Amino acid sequence: MTQRYLILADGSAYPGKAFGSLATTTGELVANSTMNGYQEIISNQIYHNQIIVFTQSSIGNTGLDQNAYESVLPSAKGVIVREYENLATDHFKRISLDRYLKQHRIPGIYDVDTREIRHRLQKYGNMMASIVDVADDHAFDQLHATVLTNQQVAQVATPKPYPNPDEGDNVVVVDFGLKSGILRELSRRNCNVTVVPWNSTSEMILDLDPDGIVLSTGPGAPSNLPESVLKMITEIQSQAPLFAIGLGHELFALANQAKVSKLRVEHHGANHPIREIITNEIFFSGQEQGYAVDPKSIDHAKLFITHVDLVNGTVQGLRHRDFPAFSVQFSPDGAPGPKDSVDLFDDFMEIMERRRDENGSRY
């Protein structure tokens, strides 16, 4: 088996054995503690330009299911695991993780102490890393010289509108790096969905006569997106019910004059305890969080906090005081992760129905 190395920007190096593509790659190193659903994680566009370290002990032991991808073209930079199993179940038409990574030119390394890497990230914070053939001075020089693009949303979001038709409520989804789990939950509720590009104007969105609007998840810093996106959000939030998720939540906060900052250590995993403030209910969620809303920056005349993380106190949900608009930082669709908060999609449906009743028709 081919030996390769994971090298980190702090000068450390971890030898391991190769699987997937043998390409050399560089990205931001993040650890994910989810115990299942590696397929959904790797295909989630939020991991654009990132190398994923899985802390669960074994990866690849179930094969990949064609119905569980979160995007068609994954954009993760690499996969690091402790143990790797090259299994595929032909009866279910599943392919192996090794074959999938080779198809998409994503390199992997196994037989690595992933928990030690996780502890290093916890201690020193997020950092750049590379997967290379030789851990020499040249490889480290290349790592330190690499600059990753900050135009991540433009690289992964759809450039043109497309429909996901049904016969129910007319919902427009603004794609910032959309994961399929959001579309699945809307489909389960018979929504007639139109997905539009991240740089759509408010006029383009409202011309589609939406009963409701969803701002999707996505990769990167919300500050990398132009002011026109925030302008669009301020214009649509008063016109139709709005549900914002992940990056969409951060943009919703920015559009209402709150501030967002990067976490020293990103949160990626399932079973994060979340408290809903109004009910005091505690549930568990899946998270892919690199940024957080600053609670001190929130204008409480406009927004109020609906959810908080019980581990670190970060803001996990917001609601507008004047408009039918709300947001969450976590992943209510699961995929993978707990389904404890999937009823937020039902809340969204109820808000659309209530607004429709108030207005007498669709608007």
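Quantities reported herein were computed from a predicted structural model and do not represent experimental measurements.
- Donor-acceptor pairing under 3.5 Å is lacking for the side chains of D98 and S96.
- Annotation: F304 is not in aromatic contact with F326 [ring centroid separation under 6.0 Å not met].
- For the atom pair Q316 CD and H267 NE2, the distance stands at 8.5 Å (nearest 0.5 Å).
- Using the six-membered ring where Trp is involved, F345 and F243 have ring planes that are perpendicular, over 60° apart on the 30 and 60° scheme.
- Less than 6.0 angstrom separates the ring centroid of Y47 from the ring centroid of H268.
- Cluster annotation: I42 is not connected to V112 through the hydrophobic network of ILVMFWY side chains, with a link wherever side-chain heavy atoms come within less than 4.5 Å.
- For H48 and S75, the side-chain atoms include no donor-acceptor pair closer than 3.5 Å.
- Contact check for L8 versus Y14: side-chain heavy atoms found under the 4.5 Å cut-off.
- With 3.5 Å as the limit, one finds no donor-acceptor pair spanning the side chains of S331 and D333.
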Throw together a table of side-chain donor-acceptor distances under 3.5 angstrom for residues 257-264, partners on residues two or more places apart or in other chains.
{"from": "Q257", "atom 1": "OE1", "to": "K302", "atom 2": "NZ", "distance (Å)": "2.2"}
{"from": "Q257", "atom 1": "NE2", "to": "A255", "atom 2": "O", "distance (Å)": "3.3"}
{"from": "K262", "atom 1": "NZ", "to": "E28", "atom 2": "OE2", "distance (Å)": "3.4"}
{"from": "K262", "atom 1": "NZ", "to": "E266", "atom 2": "OE2", "distance (Å)": "3.2"}
{"from": "R264", "atom 1": "NH1", "to": "Q122", "atom 2": "O", "distance (Å)": "3.4"}
{"from": "R264", "atom 1": "NH1", "to": "K123", "atom 2": "O", "distance (Å)": "3.1"}
{"from": "R264", "atom 1": "NH2", "to": "Q122", "atom 2": "O", "distance (Å)": "2.6"}

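- Residue D137 qualifies as open at atom CG: its count of foreign heavy atoms under 6.0 Å is 12 or below.
- When the options R355, R356, R354 are evaluated for a salt bridge (Lys or Arg N to Asp or Glu O under 4.0 Å) with D169, the one that passes is R356.
- Residue I305 holds its CD1 atom at 13.5 Å from CD of E276, rounded to the nearest 0.5 Å.
- Summarising the local packing, NE2 of H300 is surrounded by more than 12 heavy atoms from other residues, nucleotides or ligands at distances under 6.0 Å.
- Checked against a 6.0 Å centroid threshold, the rings of H307 and F330 count as neighbours.
- Put simply, the side chain of S71 gets close to the backbone of S43: a donor and an acceptor are under 3.5 Å apart.
- A salt bridge (Lys or Arg N to Asp or Glu O under 4.0 Å) with R189 holds for exactly one of D343, D347, D346; it is D346.
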